[in-house]
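Only one structure is covered here, and it is reproduced in the block below.
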Protein chains: 2
Amino acid sequence: MNITVAIADDHAVVREGIKAVLQKTTAGIEVVAEAANGQQALDIARNSPADIYLLDISMPLLNGLEVAERLSRMSPQCRVIILSMHDDKSSVEKAFQSGARGYLVKENAAEEIVQAVREVYAGKFFLSPEVSRYIVQDFLGGRGQYVRKARFRDLTGKEKEVLQLVAEGFSSKEIAGNLNIALATVQVHRRNIMRKLDIHKQADLVRFALKEGIARL
Amino acid sequence: MNITVAIADDHAVVREGIKAVLQKTTAGIEVVAEAANGQQALDIARNSPADIYLLDISMPLLNGLEVAERLSRMSPQCRVIILSMHDDKSSVEKAFQSGARGYLVKENAAEEIVQAVREVYAGKFFLSPEVSRYIVQDFLGGRGQYVRKARFRDLTGKEKEVLQLVAEGFSSKEIAGNLNIALATVQVHRRNIMRKLDIHKQADLVRFALKEGIARL
DNA sequence: AAAAAAATACCTATAAAGCGGTAGGGCGAT
DNA sequence: ATCGCCCTACCGCTTTATAGGTATTTTTTT
């Protein structure tokens, strides 16, 4: 029986590329579904589940890490491989904290995808060579994950909404109107966001949101 | 005879995707070279030129727009199509100012690429539907380039410095200390920047600076 | 059911940002 | 050499952001 794969990436070209690579291999890998955003990916999981989910990190509506987290909660046995443009440590950490089983950097040779799908399907973990050093570092350095800074995943839903609007250039007053809550509440959310992230200026907040893919350039 | 195409993109998956799309069509389009960065793309042009160059905007060493500009200077008859993640107006304008003949947004249906290659090879221009409105707007507005909004190049040297520091999260006071000028001067620069750019909030200023590449994420 | 976390709301206070006008000195171009 | 632009600097004013405390209701987790 074939290994069924669902692809979620907002760029059609990338989806085509992955499909091309997976179908070039004679072996039993089949792309059974595609999603252009995180919400669609969740819909696929609910209605026509696949064995492996290839999720891009930056996607509209829900990013890949959030999708991974919800998938893990919905059905912990499901296998997620995160696709990313970047090989930064925090993304890698977040991916595995979100329940992903694999982390692929897009720059890589296409053949790696096939290998990753096979290994993750077999219950193993898979990392692009570029990022495996982070895992090794953490392993050598002991309790890496306990001392890490609070980040995006620690924000509540409302806080994420507020942060997105902040990054999109809305003032607290405008955000209050937009979300239909009081100005004071927005201010509290902003304060909590900044406390959690250890950020103290609007400019840094905007940069953080863009870096995390919460808002778009 | 086949139309020969060279692809430059730092993401192997994207290159695979484009190749897959172009080779799926029975007609005479052939991918004869690939580059993973702008420098390689120039090497290809020098040593084994192709009819059409598909260039991603964001690449290491030289970005797609810079490559386009040099290609145009080297051999003005060569045909460049720019591939981009974004459909923002400034990128589109810069692409055509750099001598490109086509502008494709990656989100788009893959079939558009084939059409773009054919049309550009035939001496026409090609734009993704998402971005053609900018051209139309400019056309309808008459002398579009004269009335278009002031942008990065209209800022003076000091204004660019200030903008960069704003986008990097420094307050006016910190910027004054950094540049060794009075706080009041920084405030004037900020005001002039915002007036020129028609931007009125710090968050939008940060986003603008990141979009223009003045500051880094 | 109880406990914890999140969302809501209000108050106060200081810092920073945004907007207005004004003005002198330097520097290049018409 | 007169004009325009840039850089510099100051004054005043209003709005927004940041930061602190407190408290009630709702949701989530245990």
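Just so it is clear, the values below take in all heavy atoms, side chains as well, and ignore hydrogens, waters and symmetry mates. Letters A, B, ... are given to chains in the order of the sequence lines, protein chains preceding strands, and every chain is numbered from 1.
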Is [X] reaching over with its side chain to a backbone N or O of [Y], donor-acceptor style, under 3.5 angstrom?
X       : Y       : result
B:Asp9  : B:His11 : yes
A:Gln40 : A:Ala36 : yes
B:Asn37 : B:Met59 : no

ask   = Donor-acceptor pair under 3.5 Å: do we get one between A:Arg191's side chain and the base of D:dG20?
value =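 Side chain to base: pair found, below 3.5 Å.
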
Using OP1 and OP2 only, check whether a side-chain N or O of [X] sits under 4.0 Å from [N].
X        : N      : result
A:Thr185 : C:dA7  : no
A:Lys173 : D:dT15 : no
B:Ser172 : C:dA16 : no
A:His189 : C:dT8  : yes
B:Lys158 : D:dT8  : yes
B:Arg195 : C:dC19 : no

Please report, rounded to the nearest Å, how far the [atom2] atom of [N] is from the [atom1] atom of [X].
X        : N      : atom1 : atom2 : answer
A:Phe170 : D:dA17 : CZ    : P     : 12 Å
B:Leu183 : C:dG18 : CG    : P     : 13 Å
A:Ile193 : D:dA19 : CD1   : P     : 12 Å
B:Lys201 : D:dT16 : NZ    : C1'   : 10 Å
B:Ile181 : D:dC6  : CD1   : C1'   : 12 Å
B:Gln187 : D:dC13 : CD    : P     : 15 Å
A:Met194 : D:dA17 : CE    : P     : 10 Å
B:Glu161 : D:dC7  : CD    : P     : 9 Å

Nucleotide nearest [X] (side chain, heavy atoms from C-beta), chosen from [options]:
X        : options               : value
B:Ala184 : D:dA9, D:dC6, D:dT16  : D:dA9
A:Arg190 : C:dT8, D:dC10, D:dT18 : D:dT18
A:Glu159 : D:dC6, C:dA7, C:dA17  : C:dA7
A:Ala182 : C:dC10, D:dC6, C:dG18 : C:dC10

note = To the nearest 0.5 Å, atom CD1 of A:Ile113 lies from atom CD1 of A:Ile29 at 10.0 Å

inquiry  = With rounding to the nearest 0.5 angstrom, report the CD to CD distance, A:Glu159 to A:Gln164.
reply    =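 One gets 14.0 Å once the value is rounded to the nearest 0.5 Å.
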
